[in-house]
Protein chains: 2
Amino acid sequence: VLESWSFLDTVESNFRPLVVIELAKGTKEETIEWFTRRIVDKKANGDVILMYFLAYFTPLYFKGAQLLIKPLENGVENIYLVGASHLRLLLGAETVGLVKECSDNSMRAFTYSSRKTFKDFADDNHNFLTMAECQYIIKHELENLRAKNEKMIPGYPQAKLYPGKSIVRRLLTSGILVQIFPLHDREELKKLRHSWYGRVKVGYQPLDDIRCYFGETIALYFGFLEYFTFALIPMAVIGIPYYVFAWEDYDKYVMFATFNLLWSTVILEVWKRICAILTYRWGTLLMKRQFEEPRPGFHGLLGINPVTGREEPVYSSLKRQLRIYLVSLPFVCLCLYFSLYVMMIYFDLEQWALDYHKENESNFSSLMLYVPSIIYAVVIEIMNRIYRYAAEFLTSWENHRLESSYQNHLILKVLVFNFLNCFASLFYIAFVLFDMKLLRQSLATLLITSQILNQFAESLLPYWLQKRYSRRMKKRMCSQKTDRDLSIAEQVNMEKEMGTYLGTFDDYLELFLQFGYVSLFSCVYPLAAVFAVLNNITEIYSDALKMCRVYKRPFAEPTANIGVWQLAFETMSVISVVTNCILIGMSPQLDALFPDSKMDLVLSVALVEHLILAIKFIMAFIIPDKPRDIQMKLAKLEFESLEALKQQVRAFQMQLHFLLIHH
Amino acid sequence: VLESWSFLDTVESNFRPLVVIELAKGTKEETIEWFTRRIVDKKANGDVILMYFLAYFTPLYFKGAQLLIKPLENGVENIYLVGASHLRLLLGAETVGLVKECSDNSMRAFTYSSRKTFKDFADDNHNFLTMAECQYIIKHELENLRAKNEKMIPGYPQAKLYPGKSIVRRLLTSGILVQIFPLHDREELKKLRHSWYGRVKVGYQPLDDIRCYFGETIALYFGFLEYFTFALIPMAVIGIPYYVFAWEDYDKYVMFATFNLLWSTVILEVWKRICAILTYRWGTLLMKRQFEEPRPGFHGLLGINPVTGREEPVYSSLKRQLRIYLVSLPFVCLCLYFSLYVMMIYFDLEQWALDYHKENESNFSSLMLYVPSIIYAVVIEIMNRIYRYAAEFLTSWENHRLESSYQNHLILKVLVFNFLNCFASLFYIAFVLFDMKLLRQSLATLLITSQILNQFAESLLPYWLQKRYSRRMKKRMCSQKTDRDLSIAEQVNMEKEMGTYLGTFDDYLELFLQFGYVSLFSCVYPLAAVFAVLNNITEIYSDALKMCRVYKRPFAEPTANIGVWQLAFETMSVISVVTNCILIGMSPQLDALFPDSKMDLVLSVALVEHLILAIKFIMAFIIPDKPRDIQMKLAKLEFESLEALKQQVRAFQMQLHFLLIHH
């Protein structure tokens, strides 16, 4: 029978379960024993800290992750709880490169040897690292548990291993490991829920608390959502009178569009600054980029990686290019064609509804006018979702080595399709049919329908399903127990059945499309911003609900910015300059201003467009990406690290020199 | 009397003079003694290497630069030769962060402790560092000779010092130090001259030799000049038949312009790749950025730098902003206005010449047609040069703390003015007068005149002056000596009177304006590329002549790219898309294609323009900035340095641990 506890420190009084490992039912005893032993094993025998250091010289020599593991009491036999001693977590924090605040308020990379200089650090303060950080460290250590000289997973000869292969990733891909997920902290979650959406209040979200609980990626999404909502308010406020007073003047629309176009540049640039402020405070702005390992799904023939010199699967870049250009690209084009085909069907329907309305004019028939748009909006949403799965499958099949490369190809595929799928009909109405009334109606229907659908599909439906399930679960358990506080075993059993949060991709995509609806045709439908603001306010609540109630807790992911989405939003903002200028150029009021020469009209519009584009680029260039005080702090840190590195390396060399002299 | 020799090594048989220091005549003995002592002094007494290391802990504690200095024999008394021992240079190479090739063909930062692993390293091989590198190291060490607790330069109470102030910079600004310059190596220079422009041959320039002799910045300029010339050849070749067959077809011009626009994007992207290949080979791609010290001319009240915590002059950013926006900006605007005013005078002249030609038609009068353009071209060149000095003065007066910030503001000022000054008349002719014939004539005259003027003013005139001067010098010396090989003293006396090369700024600016002439109106005057190619071929020779014969040898400056010029060229290429599209849109042939609707014409042109711009941006995005093998090598180095840093820091901590245990 395996020893289920391992002590890194001499005394570790309380085991705090942080992460849950669920193995497949019926996993062989031999495999479980080997796997838990690898998790528990010390890096090596002997002095703990010294050996921890030594482990860096010969990573393959040492076996274990030196974590704590315990089978779930009273629970199903294939579930294990993983924790770690306080010391182990601190050393892990150094390994993953966590950046924490020092006593002098500067942010520095945490190292065990300089631990005393950090704010709130005390040897007995187990809250120095947040629970999310501890869980991130454990995930990192588990994923870096690498095969030594095992050729396969014991008990499963078909699950091949090679030196340096991550054991957990192989267990996951071969289905022996069902899932790894971090546990919720019910006390903390309750507090967070209360301050986040528990009471009806006007104010900011508790971003720092969200970050402590869910990590930086998710906190940054909510930060962006909130910022974006606030940034839309001026547009919404300016847009309301257009609706109330039914303004249709050309000059007012031009003013609104111009404001919109420049404003969207400003908000995107200012977001970079706010993002820098947030991530500096959270330490991720300073976190060093770790060397990127191959992604879990990557496969290939065993070869030598020319960069690391390590043995790992190698996949020819040519083959990948062939797959991308000969399969993925045609497939995407086919999907785009299909999307356009569906659009044409929508226009037929629209025509049919219009004819119907003309023939028998009634309240019902005027309602019928909206039906094609609503149906089309639903179809668009469905197509987006189906395409999303296809894109994931294809990108995964392209077999990218790095997660970042996989993500870039996936995002590119999805963005192009979603953009065309959502906006093609609007472009067609605007620039081929020249029907501004239909454009406005279609835009409104698409925007509102997609918002309602999204809110429903994303949060409310899963919430309802989850609620029903947990009620049933509780009923079953209550037959045995009446205690209101669930035991760990019950909590784990509850949480393991919850859905998995698949990352912020869909949430950002939704915002991206919303930004498109608001900015691409802003001069035609100023009310779009109002709907966007209203939607985003409820979105904050429903997304918060989704994070806290519907899904398993996700692992925290340190991140310093919103990545490729910044570029995507900026591109959308450039495209919207072009569309808005064309729309304004087509307006009959402007036409009336140039009665003699259409030429002059078009030339002036083109001139204005180029001017706005130039101003946008100059503004993006002039507004610094980081506020001045953050720049200063970064410069100071860089200066110090240059100085320190010099000193440290010299000191080391000097010591060697001493040693050589004195021996 | 001062000891003029210092021995870092126990035996240093041959003193090789590398750098010349010229003090003002009549400099006080006390000052000279203090200054030479500071140059000569050891970092500290005791073990050389150990103390070298120690110097990093308390930079202000140690006094000297530990270089060798010698008064010029037979020469004027205020000139000194500076050299350094081989060991000192090797240690200096580590300090400045030189990157050299290892025995395994990888590029690594040189360290003294790992010296044996470098290619061609041997303790007795004094050619391991090139002479340019040695001179760069000496310059770096001299500039980093900092005041300790001196309050002023001995003998000059008005020349204030404060702890950490660079002594050499203060001596230069207070006029005690006239100049510091590196010596030519007459043997090497002869070889270089021969292989560079000595024989008439078709082939590449010896870029690696140029880099060894003049450093990376200059070699990169010549590399860019050569690359740019080759890149223009396809344009020139395509352009010739337009002249020969007098093609005036609309579709042929469109083809030429489209090719030009896409080609210019390609060449600028490909240059980045070539630049990466060159600078990887030269080691500068990998060189770590050093912490940027305040520029020599920067002044302010003594305060604490918030980044470094050191005492240094501080100048309020607000004051600088005020100077920029309240003085510099209005001044630049005034200059622009003046330039436009001169342009209007040129048009009056042009009109006058035209009238004259109409009244009395003769060969002379048709020649007279070109006179206004030529005069205007000369005036433009003169204005450019005067403005350049004004811009330098203003930017210097703005008192920027960093050299990079100074350079950016200077370049921005100069580029804006030069762009307007050179191209305003062409824009006016093209888009206000709509006179394509005049545009072509004006463009040709401006381009050719400015090229001739530049070649003359930049190289031939200084060369002639220099030749006359050195002939006179030689004559005077030959009265005493007939030996063909000049002694060091004579060489120094010759070289100290040569002009100082002020950097690559003017050379790049010339290429930038040339690029403007070629690309902005390429569809009107395809022959511009031909002239540009012809000019650049002679430019290579005259610039080479200038570097080798006219100017003092410049200090080598490591650099990894052409910096802000890349951005400037790319911006020009974007602007040229717009101008060419408009020009094509205005062509009467295209007009004839759309007889019914001018609208359709303008819309199609705008569509094509947006398409080309989109293609440009996508191309710039798709073409990787570094070739794949360089990317791999960089990734490998990054991986290794991450691993090594981990190991080194651990090893150091481990040693400390051992020490703590064993004591």
Side-chain angles (χ1 to χ4, degrees), chain A residues 47 49-50 52-57 59 95 111-113 288-292 305-309 317 571 574 578 582 585 597-599 601-603 605-606 609-610 613 617 628 632-640 642-643 645-659 661, chain B residues 47 49-50 52-57 59 95 111-113 288-292 305-309 317 571 574 578 582 585 597-599 601-603 605-606 609-610 613 617 628 632-640 642-643 645-659 661:
Chain A
D47 180 71
I49 300 178
L50 176 62
Y52 177 75
F53 294 148
L54 265 178
Y56 278 84
F57 287 89
T95 317
T111 62
Y112 186 72
S113 53
K288 292 273 180 316
R289 207 161 58 80
Q290 304 266 326
F291 191 80
E292 219 180 336
N305 179 330
V307 170
T308 59
S317 164
T571 309
V574 168
V578 181
I582 301 178
S597 149
K598 297 265 179 204
M599 264 289 269
L601 165 74
V602 178
L603 286 179
V605 170
E609 186 221 336
H610 282 83
L613 280 179
F617 279 107
R628 210 179 142 68
M632 294 286 283
K633 283 172 184 165
L634 291 180
K636 192 169 173 179
L637 279 173
E638 200 196 331
F639 173 74
E640 279 173 10
L642 279 176
E643 294 289 296
L645 193 71
K646 270 184 191 167
Q647 289 187 15
Q648 204 163 30
V649 171
R650 305 295 153 179
F652 175 62
Q653 290 178 334
M654 202 176 71
Q655 276 205 342
L656 283 184
H657 196 75
F658 267 124
L659 292 175
I661 291 171
Chain B
D47 181 70
I49 298 178
L50 176 61
Y52 178 76
F53 294 147
L54 264 180
Y56 279 84
F57 287 90
T95 316
T111 63
Y112 186 72
S113 53
K288 290 276 177 317
R289 204 162 59 80
Q290 304 267 324
F291 190 79
E292 219 179 339
N305 180 330
V307 170
T308 60
S317 163
T571 309
V574 168
V578 181
I582 301 179
S597 149
K598 297 264 180 205
M599 265 289 270
L601 164 73
V602 178
L603 286 179
V605 169
E609 186 221 337
H610 282 83
L613 280 180
F617 280 107
R628 209 178 142 68
M632 294 286 282
K633 283 171 183 165
L634 291 180
K636 193 170 174 179
L637 280 172
E638 200 197 330
F639 172 75
E640 279 173 10
L642 278 176
E643 294 289 297
L645 192 73
K646 269 185 193 167
Q647 288 186 16
Q648 206 164 25
V649 172
R650 306 293 154 180
F652 175 63
Q653 290 178 336
M654 203 175 70
Q655 275 204 344
L656 282 183
H657 195 76
F658 266 125
L659 291 175
I661 291 172

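Sequence lines set the chain letters: A, B, ... in the order given, protein chains first and strands last, and positions in each chain run from 1.
With a 4.5 angstrom heavy-atom cutoff, A:Ala635 touches chain B via backbone and side-chain atoms both. For a residue to count as touching a neighbouring chain, one of its non-hydrogen atoms must lie under 4.5 Å from one of that chain's; by this rule B:Val578 touches chain A with the side chain only.
Distance NE2/A:His610 to CD/B:Glu609: 3.0 Å, rounded to 0.5 Å. With rounding to the nearest 0.5 angstrom, the CG atom of A:Asn305 is 8.0 Å from the CZ atom of B:Phe639.
Across every non-hydrogen atom of B:Lys636 and A:Pro306, the tightest pair is CD-O, 3.5 Å.
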